[in-house]
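Beneath this line is the structure, given in structure tokens, with notes to follow.
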Amino acid sequence: AAAPRAPAARGRHALSVHADERLNIVFVGAECAPFSKTGGLGDVMASLPKALVQRGHRVMAVMPMYHHYDELGTACGYTTLNVCGADTEVHYFHTHRDGVDLVFVSHPCFYEVAHNIYQGTTMDVTWRGALLSQAGIEAVYHVPCGGFPYGDESLLYVANDWHVALLPVYLRAFYHEHMKLGFARSALIVHNIAHQGRTTPDDVWRLGLPDHHTGAFYLDDPQEGACMNVLKAGIEYATKVIAVSPGYAWEIGTDEGGWGLAHTVRESNGKVSGIVNGIDFHEWDPQHDKYLQSDGYQTYGLCTEGWWTGKQACKAALQRQLGLPERHDVPILAFIGRLDHQKGVDLILQNEDFFANQDVQVVFLGSGRGDLQDQLMGMQERHHHKIRAWIGFSNEFAHRLTAGADILMMPSRFEPCGLNQLYAMRYGTVPVVHAVGGLRETVTPYDPNGDTGTGWQFDEAVTHKFIDTLGYAIGTFRDHPAAFKRIMANGMSQDLSWELAAERYEQKLIEAKYSW
């Protein structure tokens, strides 16, 4: 098999590329890895700012302070905000890491939810988001990053998801209309439009906004009735709206994929676009992965002998770790993700007989709905010689499973971008995905005529289409090993870096700077 080609001029040690225009960019989000993370949002808040710094921009990431982290020391500034009609004092803590100014907003409301950051009612989360949004806007004045506050020149705010979708609204209502931050613009990244911040219509009066800004929050949903909708207002007020893949940008404008906001998205079509997330190669790189350096696992590179030998060593180590028969000729099928309706794990569970009758090994890693967890444990008990279920989450095991598996199953009913399929391809694991959102964008269907493609897609989230497509992947592994290796190599040779995504974000932020 031909050796996979390393992406040129990008990756773990990419040099800085200076943009034509240097922007001051402030990211605001409810989570940021490694300090807090529940999903892909935390990864984006951690990785995208670093990639934009590499392109020559000055970047700040503002997040809640859920714990007092040792490296932060004492507060570097404070201010008093009017949050939903009440004066509230917040303190800022600052550290500089990987070129990014990390700014933490300290307030008791964040410490109280440290172990479940989205707990409480919708208005509880909205109040915390209102505080974080205003603190993020004000940070450019009150945090002396390296002795030089950001100020308001070439200033772009980037809000992430509905929790801080109030930021574009507050920027206009409390600043632009009072001749402050007049040239600042905002972008709203939509990671998952299913989560919108819906509550009763009268709650809009609790936001402390002037009357003429309240109408943007009103949604009369034919299915769920009238409501206040925070994300709707954020979409209407943001200068640019960026979904986490081009496919998802299209989907959220459809009645099926918009979750009640399709009309709002279509009305804002000129400012809506999609950019696929990237991979942080400092965290996900089989050549340097710290979790592949012990217990029989091996790091592996992009030369033919190196990657295939290392991949097989990881597979054998995974089988030993899980107590499965150590066989190189049987494919390991992996599922990594939340156990819920969205991720489609039920499509796997409904086909237990298929897996029982195939010469395969199946490994699950995830947590979620109790009934699905119980079903997985029952499936493991009935087929202990070939099925393992790890209930919970382990970052170490996620890396090892990604490296040791042959095929990754992602039967998600919807998937705005998806990261696991990107990690899998980087590690030479072949994804089988439902053709939605970012999965359709990032996984190229295998074409045996040209030996092109990086995996397989199925076009409808129903059991027989999923199993038929998975059967093609298993059959290729077993009967056409050389072709399967080429698919693995195709995936590994792609440019999946954040550098490429950052270039596209930069373009949208420059467009926002010159928008009115």
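All residue numbers refer to positions in the sequence shown, counting from 1.
The pair D340-R369 does not meet the salt-bridge criterion, since no charged nitrogen lies less than 4.0 angstrom from a carboxylate oxygen. Taking 4.0 Å as the cut-off between side-chain N and carboxylate O, D221 and R198 count as a salt-bridged pair. Between K465 and D468 no salt bridge is recorded (no basic side-chain N to carboxylate O distance below 4.0 Å). Remark: K50 does not engage E499 in a salt bridge, criterion side-chain N to carboxylate O under 4.0 Å. Taking the charged nitrogens against the carboxylate oxygens, D359 and K386 have no contact shorter than 4.0 Å, which rules out a salt bridge. Note on E352 versus R382: salt bridge recorded, some NZ/NE/NH1/NH2 to OD/OE distance being below 4.0 Å. Remark: R97 engages E71 in a salt bridge, criterion side-chain N to carboxylate O under 4.0 Å. Classification of D451 and K485 as a salt-bridged pair fails, no side-chain N sitting under 4.0 Å from a carboxylate O. Using a cutoff of 4.0 Å between basic side-chain nitrogens and carboxylate oxygens, R266 and D255 are scored as salt-bridged.
Put simply, OG on S273 and CD1 on I242 are 5.0 Å apart, with the number rounded to the nearest 0.5 Å. Between the OG1 atom of T121 and the CG atom of D203 there is a distance of 8.5 Å, given to the nearest 0.5 Å. Annotation: the span from L72 atom CG to S106 atom OG amounts to 9.5 Å, rounded to 0.5 Å. Here the CG-CG distance, from D280 to D285, works out to 10.0 Å after rounding to the nearest 0.5 Å. Considering CZ of R388 and CG of L318, their distance stands at 10.5 Å, rounded to 0.5 Å.
Proximity of the aromatic rings of F93 and H68 is defined here by a centroid distance below 6.0 angstrom, and this criterion is met. If you look at H195 and W259, their ring centroids are not closer than 6.0 Å. Aromatic ring centres of W498 and F281: separated by at least 6.0 Å. Between W390 and F364, the distance from one ring center to the other does not fall under 6.0 angstrom. Note: H115 and Y66 fail the aromatic proximity criterion, with ring centroids not under 6.0 Å apart.
Within the 4.5 Å cutoff, the side chain of E396 has heavy atoms near those of the Y291 side chain. Residues V276 and P246 form a side-chain contact, since some pair of their non-hydrogen atoms from C-beta on lies under 4.5 Å apart. Proximity of L401 to I336: side-chain heavy atoms (C-beta onward) are separated by under 4.5 Å at one or more points. Residues R400 and Y297 meet the side-chain proximity criterion, which asks for heavy atoms closer than 4.5 Å. Looking at R413 and K343, their side chains never come closer than 4.5 Å, going by heavy atoms from C-beta outward. The shortest distance between side-chain heavy atoms of M409 and H434 does not fall below 4.5 Å. No side-chain heavy atom of I467 sits under 4.5 Å from any side-chain heavy atom of F458. In this structure, D295 and R320 have side chains that are not in contact, with every pair of non-hydrogen atoms separated by 4.5 Å or more.
Under the side-chain contact (heavy atoms from CB on, under 4.5 Å) criterion, Q361 pairs with Q319, L324, P325, V330, I332, not counting sequence neighbours. Residues forming a ring-ring contact (aromatic ring centres under 6.0 Å, His included) with W456 (at least two apart in sequence, or on another chain): Y446. Residues passing the ring-ring contact (aromatic ring centres under 6.0 Å, His included) test with F35 are Y69, F104, sequence neighbours excluded. Residues passing the ring-ring contact (aromatic ring centres under 6.0 Å, His included) test with F477, sequence neighbours excluded: F484. With sequence neighbours left out, Y300 forms a ring-ring contact (aromatic ring centres under 6.0 Å, His included) with no residue at all.
Side-chain atoms of E31 and T38 include a donor-acceptor pair closer than 3.5 Å.
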Would you tabulate the side-chain donor-acceptor contacts of residues 125-133 under 3.5 Å, counting partners in other chains and residues two or more places apart, or write 'none'?
| unit_1 | atom_1 | unit_2 | atom_2 | d |
| --- | --- | --- | --- | --- |
| T126 | OG1 | T122 | O | 2.7 |
| R128 | NH1 | Q119 | O | 3.4 |
| R128 | NH2 | I117 | O | 3.2 |
| R128 | NH2 | Q119 | O | 2.8 |
| S133 | OG | G129 | O | 2.7 |

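Closest approach of A46 to A33, counting heavy atoms only: CB-O, 3.1 Å. The shortest non-hydrogen separation linking I235 to L188 is N-CD2, 3.7 Å. Counting all heavy atoms, side chain and backbone alike, G258 lies closest to Q196 at O-NE2, 3.8 Å. Closest non-hydrogen pair, S245 versus G438, comes out as OG-N, 3.3 Å. Of all heavy-atom pairs spanning N160 and H163, the tightest one is O-ND1, 4.1 Å. Closest of all the heavy-atom pairs between Y111 and M65 is CE2-O, 3.5 Å.
The closest donor-acceptor contact from the side chain of Q342 to the backbone of F414 lies under 3.5 Å.
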>> Go through it in stages, so that I can follow the logic: the residues are S47 and D43, the test is side-chain hydrogen bond (donor to acceptor under 3.5 Å, both in side chains), and I'd like the CA-CA distance, side-chain angles, deciding distance and then a yes or no.
In response: CA-CA 6 Å; S47 301; D43 289 323; 5.8 Å; no
>> Between D161 and H191, does the side-chain hydrogen bond (donor to acceptor under 3.5 Å, both in side chains) criterion hold? Intermediate values first, please.
In response: CA-CA 6 Å; D161 263 351; H191 298 262; 5.0 Å; no
